[in-house]
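Worksheet for the structure shown next.
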Amino acid sequence: MTISTLTQQLREAKHVVVFTGAGASAESGIPTFRDALTGLWERFDPAQLATAEAFRADPSLCWGWYEWRRQKVGQAQPNGAHVAITELANYVPKLTVVTQNVDDLHERAGSQDVIHLHGSLHTPRCIDCGLAYTLPLTSDALPEDGSRIEPPRCSACSGYVRSGVVWFGEMLPEDAWSAGLAAAEECDVFFSVGTSGIVYPAAELPLRALGNGATVVHINPVRFDISTQEHFLQGPASTMMQCLLREAFGGLPAL
Ligand code: OAD
(Lines give C-alpha, C1' and ligand atoms only; values in the text may rest on other atoms or scores of the structure.)
Protein backbone atom coordinates (compact mmCIF):
# COMPACT_ATOMS: atom_id res chain seq x y z
CA MET A 1 0.00 0.00 0.00
CA THR A 2 1.30 3.46 -0.80
CA ILE A 3 1.51 6.11 1.90
CA SER A 4 -1.20 8.11 0.10
CA THR A 5 -3.61 5.12 0.17
CA LEU A 6 -2.88 4.69 3.87
CA THR A 7 -3.38 8.36 4.68
CA GLN A 8 -6.65 8.30 2.70
CA GLN A 9 -7.84 5.37 4.81
CA LEU A 10 -6.78 7.22 7.94
CA ARG A 11 -8.78 10.28 6.91
CA GLU A 12 -11.84 8.11 6.30
CA ALA A 13 -11.49 5.95 9.42
CA LYS A 14 -14.19 6.05 12.07
CA HIS A 15 -12.17 4.29 14.73
CA VAL A 16 -8.39 4.08 14.89
CA VAL A 17 -6.45 1.94 17.36
CA VAL A 18 -2.83 2.64 18.25
CA PHE A 19 -1.29 -0.38 19.96
CA THR A 20 2.12 0.33 21.47
CA GLY A 21 5.04 -1.65 22.84
CA ALA A 22 8.36 -0.80 24.45
CA GLY A 23 9.67 0.67 21.17
CA ALA A 24 7.22 3.57 21.54
CA SER A 25 9.01 4.60 24.74
CA ALA A 26 12.53 3.77 23.50
CA GLU A 27 13.13 7.31 22.25
CA SER A 28 12.33 8.57 25.75
CA GLY A 29 15.31 6.58 27.01
CA ILE A 30 13.37 3.64 28.49
CA PRO A 31 15.15 0.40 27.53
CA THR A 32 13.04 -2.13 25.63
CA PHE A 33 12.68 -5.63 27.03
CA ARG A 34 15.10 -7.16 24.66
CA ASP A 35 17.80 -4.48 25.00
CA ALA A 36 20.93 -5.56 26.88
CA LEU A 37 20.83 -4.29 30.47
CA THR A 38 23.68 -2.90 32.52
CA GLY A 39 24.66 -2.63 36.19
CA LEU A 40 23.04 -4.96 38.71
CA TRP A 41 20.57 -6.11 36.06
CA GLU A 42 23.21 -7.19 33.55
CA ARG A 43 23.05 -10.80 34.72
CA PHE A 44 19.28 -11.04 34.49
CA ASP A 45 16.83 -11.59 31.70
CA PRO A 46 13.88 -9.25 32.49
CA ALA A 47 11.58 -12.25 32.10
CA GLN A 48 13.35 -13.85 35.08
CA LEU A 49 12.55 -10.87 37.29
CA ALA A 50 8.94 -10.63 36.15
CA THR A 51 7.35 -13.61 37.86
CA ALA A 52 5.66 -14.22 41.20
CA GLU A 53 8.24 -16.94 41.90
CA ALA A 54 11.10 -14.47 41.37
CA PHE A 55 9.46 -11.99 43.74
CA ARG A 56 8.82 -14.61 46.43
CA ALA A 57 12.37 -15.93 46.09
CA ASP A 58 14.02 -12.52 46.32
CA PRO A 59 11.56 -9.67 47.07
CA SER A 60 14.29 -7.01 47.44
CA LEU A 61 15.87 -7.85 44.08
CA CYS A 62 12.53 -7.74 42.29
CA TRP A 63 11.25 -4.63 44.03
CA GLY A 64 14.62 -2.93 43.39
CA TRP A 65 14.23 -3.75 39.69
CA TYR A 66 10.75 -2.22 39.46
CA GLU A 67 11.74 0.82 41.52
CA TRP A 68 14.73 1.33 39.21
CA ARG A 69 12.41 1.18 36.22
CA ARG A 70 9.90 3.52 37.90
CA GLN A 71 12.73 5.99 38.50
CA LYS A 72 13.81 5.77 34.85
CA VAL A 73 10.24 6.52 33.78
CA GLY A 74 10.00 9.43 36.21
CA GLN A 75 13.14 10.95 34.72
CA ALA A 76 11.92 10.43 31.14
CA GLN A 77 9.72 12.68 29.03
CA PRO A 78 7.13 11.65 26.44
CA ASN A 79 8.67 11.62 22.96
CA GLY A 80 7.40 12.65 19.53
CA ALA A 81 5.52 9.37 19.09
CA HIS A 82 3.50 9.87 22.30
CA VAL A 83 2.75 13.45 21.26
CA ALA A 84 1.73 12.50 17.71
CA ILE A 85 -0.57 9.76 19.05
CA THR A 86 -2.24 12.27 21.37
CA GLU A 87 -2.57 14.71 18.46
CA LEU A 88 -4.12 12.05 16.22
CA ALA A 89 -7.13 11.96 18.55
CA ASN A 90 -7.97 15.49 17.36
CA TYR A 91 -8.32 14.35 13.75
CA VAL A 92 -10.21 11.05 13.87
CA PRO A 93 -13.72 10.44 15.24
CA LYS A 94 -12.48 7.84 17.73
CA LEU A 95 -8.97 6.86 18.84
CA THR A 96 -8.19 4.08 21.28
CA VAL A 97 -4.68 3.77 22.69
CA VAL A 98 -3.85 0.26 23.88
CA THR A 99 -0.41 -0.22 25.36
CA GLN A 100 1.74 -3.04 26.64
CA ASN A 101 3.88 -0.43 28.36
CA VAL A 102 3.82 -0.05 32.10
CA ASP A 103 4.98 3.57 32.05
CA ASP A 104 2.69 6.62 32.03
CA LEU A 105 4.21 8.43 29.05
CA HIS A 106 1.05 8.26 26.92
CA GLU A 107 -0.91 9.90 29.73
CA ARG A 108 1.78 12.51 30.32
CA ALA A 109 1.64 13.37 26.61
CA GLY A 110 -2.11 13.95 27.04
CA SER A 111 -3.70 10.70 25.81
CA GLN A 112 -6.86 9.77 27.67
CA ASP A 113 -8.36 6.45 28.73
CA VAL A 114 -5.21 4.53 27.81
CA ILE A 115 -5.74 0.79 28.08
CA HIS A 116 -2.81 -0.80 29.93
CA LEU A 117 -2.77 -4.48 29.03
CA HIS A 118 0.26 -5.24 31.21
CA GLY A 119 -0.60 -3.13 34.24
CA SER A 120 1.42 -0.19 35.49
CA LEU A 121 4.53 0.65 37.51
CA HIS A 122 2.37 3.18 39.32
CA THR A 123 -0.23 0.87 40.87
CA PRO A 124 1.57 -1.27 43.49
CA ARG A 125 -0.48 -3.65 45.62
CA CYS A 126 -0.09 -6.29 48.30
CA ILE A 127 1.11 -9.64 46.94
CA ASP A 128 -0.98 -11.51 49.53
CA CYS A 129 -4.31 -9.69 49.91
CA GLY A 130 -4.23 -7.51 46.78
CA LEU A 131 -4.90 -4.24 48.63
CA ALA A 132 -3.73 -1.23 46.62
CA TYR A 133 -0.72 0.46 48.20
CA THR A 134 -1.48 4.15 48.20
CA LEU A 135 1.35 5.64 50.25
CA PRO A 136 3.89 7.59 48.23
CA LEU A 137 6.80 5.50 47.01
CA THR A 138 10.26 6.91 47.56
CA SER A 139 11.36 9.77 45.38
CA ASP A 140 14.96 9.48 46.62
CA ALA A 141 17.42 9.04 43.77
CA LEU A 142 18.42 5.39 43.34
CA PRO A 143 21.86 4.30 42.18
CA GLU A 144 22.09 4.44 38.38
CA ASP A 145 23.31 0.82 38.37
CA GLY A 146 20.30 -0.38 40.37
CA SER A 147 20.10 -1.82 43.86
CA ARG A 148 18.13 -4.21 46.02
CA ILE A 149 15.34 -2.47 47.94
CA GLU A 150 13.19 -4.01 50.67
CA PRO A 151 9.56 -3.68 49.50
CA PRO A 152 7.09 -1.80 51.73
CA ARG A 153 4.57 -3.84 53.74
CA CYS A 154 0.80 -3.90 53.33
CA SER A 155 -1.01 -1.91 56.03
CA ALA A 156 -3.77 -4.56 56.24
CA CYS A 157 -1.92 -7.89 56.31
CA SER A 158 1.82 -7.00 56.42
CA GLY A 159 2.38 -8.84 53.15
CA TYR A 160 5.00 -7.51 50.79
CA VAL A 161 3.95 -4.83 48.34
CA ARG A 162 4.52 -5.88 44.73
CA SER A 163 4.59 -3.98 41.48
CA GLY A 164 1.32 -3.42 39.60
CA VAL A 165 2.74 -4.83 36.38
CA VAL A 166 1.46 -8.12 34.97
CA TRP A 167 4.01 -10.88 35.48
CA PHE A 168 4.62 -13.88 33.26
CA GLY A 169 2.16 -16.61 34.10
CA GLU A 170 -0.51 -14.11 35.22
CA MET A 171 -3.76 -13.22 33.49
CA LEU A 172 -4.06 -9.78 31.92
CA PRO A 173 -6.42 -7.43 33.79
CA GLU A 174 -9.83 -8.54 32.52
CA ASP A 175 -11.26 -5.07 31.88
CA ALA A 176 -8.19 -3.96 29.94
CA TRP A 177 -8.11 -7.12 27.84
CA SER A 178 -11.80 -7.02 26.92
CA ALA A 179 -11.65 -3.30 26.08
CA GLY A 180 -8.50 -3.80 23.95
CA LEU A 181 -10.04 -6.75 22.14
CA ALA A 182 -13.31 -4.89 21.48
CA ALA A 183 -11.40 -1.90 20.06
CA ALA A 184 -9.25 -4.14 17.84
CA GLU A 185 -12.32 -5.91 16.49
CA GLU A 186 -14.20 -2.66 15.83
CA CYS A 187 -11.55 -0.37 14.34
CA ASP A 188 -10.90 0.39 10.66
CA VAL A 189 -7.21 1.21 11.03
CA PHE A 190 -4.88 -0.46 13.53
CA PHE A 191 -1.32 0.76 14.12
CA SER A 192 1.04 -1.59 15.93
CA VAL A 193 3.91 0.63 17.07
CA GLY A 194 7.24 -0.49 18.53
CA THR A 195 6.41 -4.01 19.58
CA SER A 196 8.18 -7.26 18.82
CA GLY A 197 4.75 -8.91 18.76
CA ILE A 198 5.91 -12.07 20.47
CA VAL A 199 4.16 -11.85 23.82
CA TYR A 200 0.64 -13.29 23.85
CA PRO A 201 -2.21 -12.65 24.31
CA ALA A 202 -1.37 -8.97 23.54
CA ALA A 203 0.15 -9.94 20.20
CA GLU A 204 -3.22 -11.32 19.17
CA LEU A 205 -4.73 -7.84 18.83
CA PRO A 206 -3.33 -7.02 15.36
CA LEU A 207 -4.54 -10.42 14.16
CA ARG A 208 -8.02 -9.79 15.53
CA ALA A 209 -8.08 -6.38 13.82
CA LEU A 210 -6.97 -7.93 10.55
CA GLY A 211 -9.54 -10.71 10.86
CA ASN A 212 -12.26 -8.09 11.21
CA GLY A 213 -11.21 -6.23 8.08
CA ALA A 214 -9.07 -3.41 9.52
CA THR A 215 -6.01 -2.03 7.78
CA VAL A 216 -3.10 -3.16 9.98
CA VAL A 217 0.15 -1.19 9.87
CA HIS A 218 3.31 -2.11 11.80
CA ILE A 219 5.75 0.65 12.65
CA ASN A 220 9.22 -0.47 13.67
CA PRO A 221 12.81 0.40 12.72
CA VAL A 222 13.56 -3.32 12.46
CA ARG A 223 11.73 -5.20 9.75
CA PHE A 224 10.03 -8.52 10.58
CA ASP A 225 7.84 -10.94 8.69
CA ILE A 226 4.18 -10.04 8.27
CA SER A 227 1.36 -11.48 6.19
CA THR A 228 0.68 -10.12 2.72
CA GLN A 229 -2.46 -8.38 4.01
CA GLU A 230 -0.55 -6.31 6.59
CA HIS A 231 1.64 -3.25 6.02
CA PHE A 232 4.99 -2.13 7.35
CA LEU A 233 6.39 1.36 7.84
CA GLN A 234 10.06 1.03 8.66
CA GLY A 235 11.45 3.68 10.97
CA PRO A 236 11.38 5.04 14.52
CA ALA A 237 7.96 5.54 16.09
CA SER A 238 8.31 9.32 16.50
CA THR A 239 9.32 10.00 12.89
CA MET A 240 6.74 7.66 11.40
CA MET A 241 3.81 8.82 13.55
CA GLN A 242 4.62 12.49 12.94
CA CYS A 243 4.99 11.83 9.21
CA LEU A 244 1.60 10.09 9.06
CA LEU A 245 -0.06 12.92 10.93
CA ARG A 246 1.44 15.50 8.60
CA GLU A 247 0.65 13.56 5.43
CA ALA A 248 -2.91 12.71 6.41
CA PHE A 249 -4.04 15.89 8.13
CA GLY A 250 -1.30 18.48 7.73
CA GLY A 251 -0.96 18.34 11.52
CA LEU A 252 2.41 19.01 13.09
CA PRO A 253 2.66 18.11 16.73
CA ALA A 254 4.14 20.79 18.94
CA LEU A 255 7.16 19.30 20.69
P1 OAD B 1 10.18 -5.65 23.02
O2 OAD B 1 11.37 -5.19 23.80
O3 OAD B 1 9.96 -7.11 22.84
O4 OAD B 1 10.21 -5.03 21.56
C5 OAD B 1 10.45 -3.69 21.34
C6 OAD B 1 10.32 -3.42 19.87
O7 OAD B 1 10.51 -2.03 19.67
C8 OAD B 1 11.34 -4.14 18.98
O9 OAD B 1 10.65 -4.73 17.88
C10 OAD B 1 12.24 -3.00 18.49
O11 OAD B 1 12.72 -3.23 17.16
C12 OAD B 1 11.27 -1.84 18.50
N13 OAD B 1 11.87 -0.50 18.61
C14 OAD B 1 13.04 -0.14 19.15
N15 OAD B 1 13.22 1.19 19.04
C16 OAD B 1 12.11 1.69 18.42
C17 OAD B 1 11.68 2.98 18.02
N18 OAD B 1 12.41 4.08 18.22
N19 OAD B 1 10.48 3.09 17.39
C20 OAD B 1 9.71 2.00 17.17
N21 OAD B 1 10.07 0.76 17.53
C22 OAD B 1 11.25 0.59 18.14
O23 OAD B 1 8.93 -4.93 23.69
P24 OAD B 1 7.37 -5.29 23.61
O25 OAD B 1 7.00 -5.77 22.26
O26 OAD B 1 6.65 -4.14 24.19
O27 OAD B 1 5.49 -7.85 29.06
O28 OAD B 1 7.31 -6.50 24.62
C29 OAD B 1 6.08 -7.07 24.89
C30 OAD B 1 6.02 -7.49 26.32
O31 OAD B 1 7.10 -8.36 26.63
C32 OAD B 1 6.17 -6.37 27.32
O33 OAD B 1 4.99 -5.65 27.58
C34 OAD B 1 6.60 -7.11 28.55
C35 OAD B 1 7.64 -8.01 27.92
O36 OAD B 1 7.99 -9.09 28.57
C37 OAD B 1 5.25 -7.85 30.37
O38 OAD B 1 5.91 -7.21 31.16
C39 OAD B 1 4.08 -8.69 30.76
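Counted within 6.0 Å of CD on Gln112, heavy atoms from surrounding residues, nucleotides or ligands total 12 or fewer; the atom is thus considered open. Atom CD of Glu150 has more than 12 neighbouring heavy atoms from other residues, nucleotides or ligands inside a 6.0 Å radius.
With contacts defined as side-chain heavy-atom distances shorter than 4.5 Å, the pair Val193/Met240 does not qualify. Residues Ile30 and Leu105 are in side-chain contact: their nearest non-hydrogen atoms beyond the backbone lie under 4.5 Å apart. Looking at heavy atoms from C-beta onward, Leu117 lies in side-chain contact with Val98 at the 4.5 angstrom threshold. Side-chain contact check for Ile149 versus Tyr66: every heavy-atom pair is 4.5 Å or farther apart. Using a 4.5 Å heavy-atom threshold, the side chains of His116 and Thr123 count as separate. Within the 4.5 Å cutoff, the side chain of Leu10 has heavy atoms near those of the Phe191 side chain. In this structure, His82 and Val97 have side chains that are not in contact, with every pair of non-hydrogen atoms separated by 4.5 Å or more. Residues Leu131 and Cys129 have side chains in contact (heavy-atom distance under 4.5 Å, counting atoms from C-beta outward).
Cluster membership check: Ile3 shares its hydrophobic cluster with Val189, using side-chain heavy-atom separations under 4.5 Å among Ile, Leu, Val, Met, Phe, Trp and Tyr. In terms of hydrophobic clustering, with Ile, Leu, Val, Met, Phe, Trp and Tyr side chains grouped at heavy-atom distances under 4.5 Å, Val18 and Leu245 are assigned to a common cluster. Note: the hydrophobic cluster containing Leu172 does not contain Leu121 (ILVMFWY, side chain heavy atoms under 4.5 Å, direct or indirect links). Val217 and Ile226 end up in different hydrophobic clusters when Ile, Leu, Val, Met, Phe, Trp and Tyr side chains are linked at under 4.5 Å. Under a hydrophobic clustering in which Ile, Leu, Val, Met, Phe, Trp and Tyr are joined whenever their side-chain heavy atoms come within less than 4.5 Å, directly or via other members, Leu205 and Val17 fall into the same cluster.
Of the possible polar contacts, none joining the Glu27 side chain to the Pro236 backbone as a donor-acceptor pair under 3.5 Å is found. In this structure, the side chain of Asn101 engages the main chain of Gly21 through a donor-acceptor pair within 3.5 Å. Distance alone, capped at 3.5 Å, is enough to place a donor-acceptor pair between the Ser120 side chain and the His122 backbone. In this structure, the side chain of Ser28 does not engage the main chain of Ala76 through any donor-acceptor pair within 3.5 Å. Within the 3.5 Å criterion, the main-chain N or O of Ala248 finds a donor-acceptor partner in the side chain of Arg11.
Atoms OG and OH, on Ser155 and Tyr133 in that order, are 8.0 Å from each other to the nearest 0.5 Å. For the atom pair Asn212 CG and Leu207 CG, the distance stands at 11.0 Å (nearest 0.5 Å). To the nearest 0.5 Å, atoms CZ (Arg162) and SG (Cys154) are separated by 13.0 Å. In this structure, the separation between CD1 on Ile85 and NE2 on His106 is 5.0 Å, given to the nearest 0.5 Å. In this structure, CD on Gln100 lies 12.5 Å from CD1 on Ile115, to the nearest 0.5 angstrom. Distance SG/Cys187 to NZ/Lys14: 12.5 Å, rounded to 0.5 Å.
In this structure, Arg56 does not pair ionically with Glu53, as no charged nitrogen and carboxylate oxygen lie closer than 4.0 Å.
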Residues Gln229, Leu210; criterion side chain to side chain contact (heavy atoms under 4.5 Å, CB included); working and verdict | CA-CA 8 Å; Gln229 298 128 286; Leu210 193 67; 4.0 Å; yes
Apply side chain to side chain contact (heavy atoms under 4.5 Å, CB included) to Asp188 and Gln9, showing your working.
-> CA-CA 8 Å; Asp188 336 277; Gln9 292 195 1; over 6 Å; no
Check the pair Leu61 / Arg148 against side chain to side chain contact (heavy atoms under 4.5 Å, CB included), numbers first and verdict last.
-> CA-CA 5 Å; Leu61 180 74; Arg148 290 168 177 273; 3.8 Å; yes
Apply side chain to side chain contact (heavy atoms under 4.5 Å, CB included) to the pair Val73 and Arg108, showing each step before the final yes or no.
-> CA-CA 11 Å; Val73 167; Arg108 279 163 54 200; 4.1 Å; yes
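Between Pro31 and Lys72, the shortest heavy-atom contact is CD-CD, 4.2 Å. Closest approach of Val161 to Pro124, counting heavy atoms only: CG1-CB, 3.7 Å. Pairing each heavy atom of Ser111 with each of Thr86, the nearest pair is OG-OG1, 3.1 Å. Shown here for Ala57 and Pro59, the closest heavy-atom pair between the two residues is C-CD, 3.9 Å. Considering every non-hydrogen atom in both Ser163 and Trp63, the closest pair reads N-CZ3, 3.7 Å. A pairwise comparison of heavy atoms in Pro206 and Ser192 identifies CG-OG, 4.3 Å as the closest pair.
Using modelled atom types, one finds a donor on one side chain and an acceptor on the other under 3.5 Å when comparing Ser25 with Asp103. A donor-acceptor contact under 3.5 angstrom links the side chains of Thr96 and His15, judged on distance only. When only modelled atom types and interatomic distance are considered, Glu247 and Thr7 share no side-chain donor-acceptor pair under 3.5 Å.
Between His218 and Phe224, the ring planes are perpendicular. Angles over 60° get that label, and only those under 30° would be called parallel.
Ring pair Phe55/Trp167: centre-to-centre distance below 6.0 Å.
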